Undergrad: 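I have a structure here, written as structure tokens, and I will follow up with some questions on it.
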Amino acid sequence: MIIWIILAVVILIVASSGIKIIRPFEKGLVERLGKYNREAQSGLNFIIPFIERIIKVDHREMVIDVPPQEVITNDNVIVTVDAVIYYEVTDAFRVIYNVRNFEMAAIKLAQTNLRNVIGEMELDQTLTSRERINVKLREVLDEATDKWGVKVTRVELKKIDPPQDIMDAMSKQMKAERTKRAVILEAEGYKQSQITRAEGDKRSAILKAEGQAEAIKRVADASRYKLIAEAEGQAGAILKVFEAIHDGKPTNDLIAVRYLETLKEIANGTANKVFLPYEASGFLGSIAAISELFKKDGTKTAKKPKEK
């Protein structure tokens with residue numbers, strides 16, 4: 001009985017060793033007596049114990065961390081570069097049978113190509129062209145690993161560290177550049193403020209001058225209107241007086257009296273001197289005519305009582 005129990009247990013153990021389960025993201029390679037036999041798909045699979053064995057290959061995207069290494073740039077600066085590689089298996093057969101240790105091979109290949117890619121660039125380019133380095137390195141690695149049944153999806157540089165003295169010099173340069181930009185911006189701001197102020201003063205002066213010109217023009221128009229109105233009024237008054245004089249048919253004695261009244265007003269002026277007309281003889285003749293006129297009037301007045 002004990003022998004049969006032991007035999008059943010052994011058969012159960014052997015049978016269970018022939019049952020293999022492959023998950024959806026895996027592929028299985030079945031070897032029979034050390035020789036590739038077939039590819040097992042995901043799910044439940046059976047193999048012959050002790051004759052066949054199954055090798056599982058993960059098809060998910062995986063990451064390889066490339067150890068930091070020192071690389072010399074084109075301008076002879078030593079930088080420390082650290083990168084990561086993202087890849088996925090596309091052919092399980094080739095990744096098992098075409099390369100012994102894919103991860104080690106990919107790391108060494110990445111380190112070698114990092115030296116080549118960065119060695120062609122100067123320090124400033126390596127610090128500002130990470131995307132370019134990533135793309136170029138990915139293309140090189142993807143082409144080299146194609147025969148291994150692996151596709152390199154991405155390569156990312158984690159860090160690029162120059163020597164400490166170079167970093168100190170870069171820090172000083174960056175500080176100087178920022179100081180320079182600050183001074184330039186301050187000067188530009190001052191220049192712009194002065195230009196704006198000058199433009200404002202100019203505009204203010206122009207508006208002030210235009211306002212003064214407009215005021216002078218309006219004052220001149222008002223004065224002109226006033227003089228025109230006064231002149232028209234005086235002209236109208238003179239015409240009225242002239243018409244009244246002619247309509248009244250003045251006599252010579254009335255004209256003489258008005259002439260004398262006018263001379264009286266001239267003599268009563270604030271001036272110290274009275275200027276007579278240039279034709280003094282004519283002026284004196286007019287006075288003589290006036291005196292004769294008054295004599296005739298006196299004679300007429302003297303005769304009137306005798307008539308009574």
Side-chain angles (χ1 to χ4, degrees), residues 17 20-43 45 47 49-74 76-123 125-127 129-164:
S17 65
K20 301 295 181 180
I21 297 176
I22 299 177
R23 304 180 68 181
F25 53 83
E26 294 177 332
K27 289 288 180 67
L29 301 178
V30 179
E31 293 182 349
R32 179 176 293 175
L33 299 176
K35 183 180 179 181
Y36 174 74
N37 181 262
R38 66 185 184 277
E39 182 177 307
Q41 301 299 324
S42 59
N45 291 269
I47 63 173
F50 307 109
I51 296 176
E52 295 180 343
R53 76 183 185 101
I54 189 167
I55 303 172
K56 296 180 180 180
V57 180
D58 195 334
H59 278 251
R60 291 177 295 182
E61 187 174 13
M62 291 179 283
V63 182
I64 299 176
D65 189 3
V66 180
Q69 63 171 338
E70 292 183 347
V71 181
I72 301 177
T73 62
N74 192 28
N76 297 323
V77 179
I78 300 175
V79 295
T80 303
V81 183
D82 188 7
V84 291
I85 302 172
Y86 296 85
Y87 73 95
E88 60 183 7
V89 177
T90 57
D91 192 334
F93 179 86
R94 287 190 292 174
V95 79
I96 295 298
Y97 295 106
N98 288 1
V99 60
R100 181 176 181 178
N101 188 341
F102 169 74
E103 291 190 1
M104 181 61 66
I107 289 173
K108 296 302 180 183
L109 188 61
Q111 290 178 337
T112 304
N113 285 278
L114 271 174
R115 295 190 186 97
N116 296 334
V117 173
I118 295 181
E120 297 175 355
M121 306 173 66
E122 296 183 353
L123 177 62
Q125 292 177 329
T126 60
L127 297 176
S129 305
R130 290 199 175 194
E131 187 62 28
R132 175 184 169 189
I133 298 173
N134 294 338
V135 172
K136 190 170 184 180
L137 190 59
R138 184 191 64 79
E139 291 176 353
V140 173
L141 292 177
D142 189 38
E143 182 180 358
T145 58
D146 183 62
K147 66 178 181 179
W148 298 340
V150 175
K151 178 176 179 58
V152 177
T153 56
R154 297 195 307 276
V155 177
E156 299 290 342
L157 294 178
K158 292 171 62 177
K159 62 180 180 179
I160 301 177
D161 294 336
Q164 188 62 38

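Just so it is clear, the structure is predicted and the values come from calculations on it, not from any experiment.
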Undergrad: Check whether any side-chain heavy atom of Y87 lies under 4.5 Å from a side-chain heavy atom of T145, and answer yes or no.
TA: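 No, too far: nothing below the 4.5 Å cut-off.
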Undergrad: For the pair T153 (side chain) and Y86 (backbone), establish whether a donor and an acceptor sit closer than 3.5 Å, ignoring hydrogens and angles.
TA: yes
Undergrad: Around E88, counting heavy atoms of other residues, nucleotides and ligands shown, do more than 12 lie under 6.0 Å from its CD?
TA: yes
Undergrad: Might you confirm whether atom CG of L127 has over 12 heavy atoms from other residues, nucleotides or ligands at distances under 6.0 Å?
TA: yes
Undergrad: Taking atom CZ of R154 as the centre, report whether more than 12 heavy atoms of other residues, nucleotides or ligands fall under 6.0 Å from it.
TA: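 Yes - once you tally the heavy atoms of other residues, nucleotides and ligands closer than 6.0 Å, there are more than 12.
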Undergrad: Show the nearest heavy-atom pair for residues A110 and L137, with the distance to one decimal.
TA: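 So the two residues come closest at O-CD1, 4.2 Å.
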Undergrad: Among residues at least two apart in sequence or on other chains, which ones pass side chain to side chain donor-acceptor pair (under 3.5 Å) with T90?
TA: none
Undergrad: How far apart are the closest heavy atoms of V84 and K158, and which atoms are they?
TA: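 Heavy atoms of V84 and K158 come nearest at CG1-CD, 3.3 Å.
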Undergrad: Can you name the nearest heavy-atom pair linking V152 to R138, along with the distance?
TA: O-CG, 3.7 Å
Undergrad: So, for I21 and K56, which heavy atoms are closest and what is the spacing to 0.1 Å?
TA: O-NZ, 3.0 Å
Undergrad: Show me the side-chain donor-acceptor pairs of residues 25-34 shorter than 3.5 Å, one per line, residues at least two apart or across chains.
TA:
from, atom 1, to, atom 2, distance (Å)
E26, OE1, R23, N, 3.3
E31, OE1, R53, NE, 3.0
E31, OE1, R53, NH2, 3.1
E31, OE2, Y97, OH, 2.5
R32, NE, E52, OE2, 2.6
R32, NH2, E52, OE2, 2.4

Undergrad: Report yes if some heavy atom in the side chain of V89 is under 4.5 Å from a heavy atom in the side chain of H59; otherwise report no.
TA: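 When only atoms from C-beta onward are counted, H59 and V89 do touch, with a gap below 4.5 Å.
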Undergrad: Check the pair Q69 / R115 against side-chain hydrogen bond (donor to acceptor under 3.5 Å, both in side chains), numbers first and verdict last.
TA: CA-CA 9 Å; Q69 63 171 338; R115 295 190 186 97; 3.0 Å; yes
Undergrad: Could you tell me whether a side-chain N or O of D146 sits under 3.5 Å from a main-chain N or O of D142, the two making a donor and an acceptor?
TA: no
